[in-house]
There are 2 protein chains.
Amino acid sequence: METVAPFPYRDPSELLRRARLRPTRQRLALARLLFAGGPRHVTAESLFAEAQTANVRLSLATVYNTLHQFTEAGLLREVVVDSSCTYFDTNVSEHHHFFHEDQGVLTDIDGEEVNIHALPAAPEGTKISRVDVIIRLSGQK
Amino acid sequence: METVAPFPYRDPSELLRRARLRPTRQRLALARLLFAGGPRHVTAESLFAEAQTANVRLSLATVYNTLHQFTEAGLLREVVVDSSCTYFDTNVSEHHHFFHEDQGVLTDIDGEEVNIHALPAAPEGTKISRVDVIIRLSGQK
DNA sequence: CGTTTATTTATAATAATTCTAAACTATTGA
DNA sequence: TCAATAGTTTAGAATTATTATAAATAAACG
Ligand SMILES: [Mn+2]
Ligand SMILES: [Mn+2]
Ligand SMILES: [Zn+2]
Ligand SMILES: [Zn+2]
């Protein structure tokens, strides 16, 4: 019986090649951390800490550079939920979020679980680049 | 024929009294700027600039203090759309936003124009404190 | 009034992020 | 294989929105 992996694992080198980014030690390590498991949400600081723990030696500046390069390449997307800190999401497909305000944690909501009925038209001369739905939660767990 | 004001004008002194904040020159001036016209969205910097132009002498620290005090009193609400800058909204009733990304401008969407059908349940032990819908726009106007 | 308490503000501190420029590394194509 | 080139990393400085500090000022209250 075949099981479908919970997340399409992408070979880090392949991924960097496609993004036209040189496969440096730092980028490979970050790609592994980001994409080897299931979908996740990180901040520059959280990913940096994780790299340290995994004994990957790199600078925080490289983490920022890489997160932005990956975002530009469409491998990540930014989620704005907190004005003091930028979150990056490895799930780039259309979906919305719970934001656990007490813990500063983002979790995904399945695409079908939020249904926006009656979206207003974009004003003259503009086009909708994205619709973000953030359900802010308070309380434990 | 009576016309309904587009926004319930609130007497600044009355407003401060109800919020249990002393009616200082600075707060009165900011309350006037914020609530005398129609609903609006400001940043600390934009409101500070406006005060300067109106020859109200106050410090930027007072603008920040006042925006937070007004928010705590329920006269304003924060809107998170841009990780580099905090927006405050004089419209505290339930509604959603267009965010004009090129200009950094927020505009209101009427409550009825967005209809979320099928909102997921809050995870165990949490409660929904707010649902934010941001329609991000690119392009002129 | 005079005393108490809240407010304002200049200024310093903080913190996330970006910038700079020098050192390092991957790629390329003779 | 190797030098030249172009891209990458990084320490450290700079930036920027925001918050903290603490002294001066103003409002409230009896
Ligand atoms: Mn952070
Ligand atoms: Mn701002
Ligand atoms: Zn997500
Ligand atoms: Zn609004």
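Any value given below was found using the heavy atoms of this structure, including those in side chains, with hydrogens, waters and symmetry copies removed. Letters A, B, ... mirror the listed sequences (proteins, then strands); counts begin at 1.
Remark: P of dT20(C) and CG of Asn65(A) are 13 Å apart, rounded to the nearest angstrom. Rounding to whole angstrom units, CG of residue Leu67(A) and P of dT18(C) are separated by 10 Å. The interatomic distance linking Arg20(A) (CZ) with dG7(D) (C1') rounds to 15 Å, in whole Å. Rounded to whole angstrom, the span from the CD atom of Gln26(B) across to the C1' atom of dA27(D) amounts to 12 Å. Atom pair Phe48(B):CZ and dA10(C):C1' shows a separation of 12 Å (rounding to whole Å applied). In this structure, Leu47(B) atom CG and dT18(D) atom P are separated by 12 Å, rounded to whole Å. One interatomic measurement links the two molecules: OH of Tyr64(B) to P of dT14(C), which rounds to 18 Å at whole-angstrom precision. Here the P atom of nucleotide dT10(D) and the CZ atom of Arg27(A) are 11 Å apart, to the nearest Å.
Comparing Ala61(B) and Leu21(B) by the nucleotide of DNA chain D that holds the closest heavy atom to each, the one mapping nearer the 5' end is Ala61(B). Checking Arg57(B) against Pro23(A), the closest nucleotide of DNA chain C that is more toward the 5' end is the one next to Arg57(B).
Across dT9(C), dA17(D), dT18(C), the shortest atom-to-atom separation from the side chain of Glu45(B) is found for dA17(D).
The phosphate of dT7(C) (OP1 or OP2) has no side-chain N or O of Thr62(B) nearer than 4.0 angstrom. His68(B) has a side-chain polar atom (N or O) that falls below the 4.0 Å cut-off from OP1 or OP2 of dT19(D). Remark: Ser84(B) is not in phosphate contact with dT16(D), judged by side-chain N or O atoms under 4.0 Å from OP1 or OP2. Applying the 4.0 Å criterion to OP1 and OP2 of dA16(C), one finds that Thr86(A) has every side-chain N and O outside that range. Within the 4.0 Å cut-off from OP1 or OP2 of dA26(D), not a single side-chain nitrogen or oxygen of Arg22(B) is found.
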Practice prompt. Take Glu101(B) and Ser129(A) through the side chain to side chain donor-acceptor pair (under 3.5 Å) test and state the conclusion after the steps.
Written response: CA-CA 9 Å; Glu101(B) 296 192 296; Ser129(A) 69; 3.1 Å; yes
Practice prompt. Take Arg40(B) and Glu50(B) through the salt bridge (Lys or Arg N to Asp or Glu O under 4.0 Å) test and state the conclusion after the steps.
Written response: CA-CA 13 Å; Arg40(B) 48 187 315 214; Glu50(B) 195 178 327; 2.9 Å; yes
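No hydrogens or angles considered: nothing links the side chains of His100(A) and Thr126(B) as a donor-acceptor pair under 3.5 Å.
Summarising the geometry, atom CG belonging to Asp82(B) is positioned 5.0 Å from atom CZ belonging to Phe99(B); distances are rounded to the nearest 0.5 Å.
Under the 30°/60° scheme for interplanar angles, the aromatic rings of His41(B) and His95(B) are found to be tilted.
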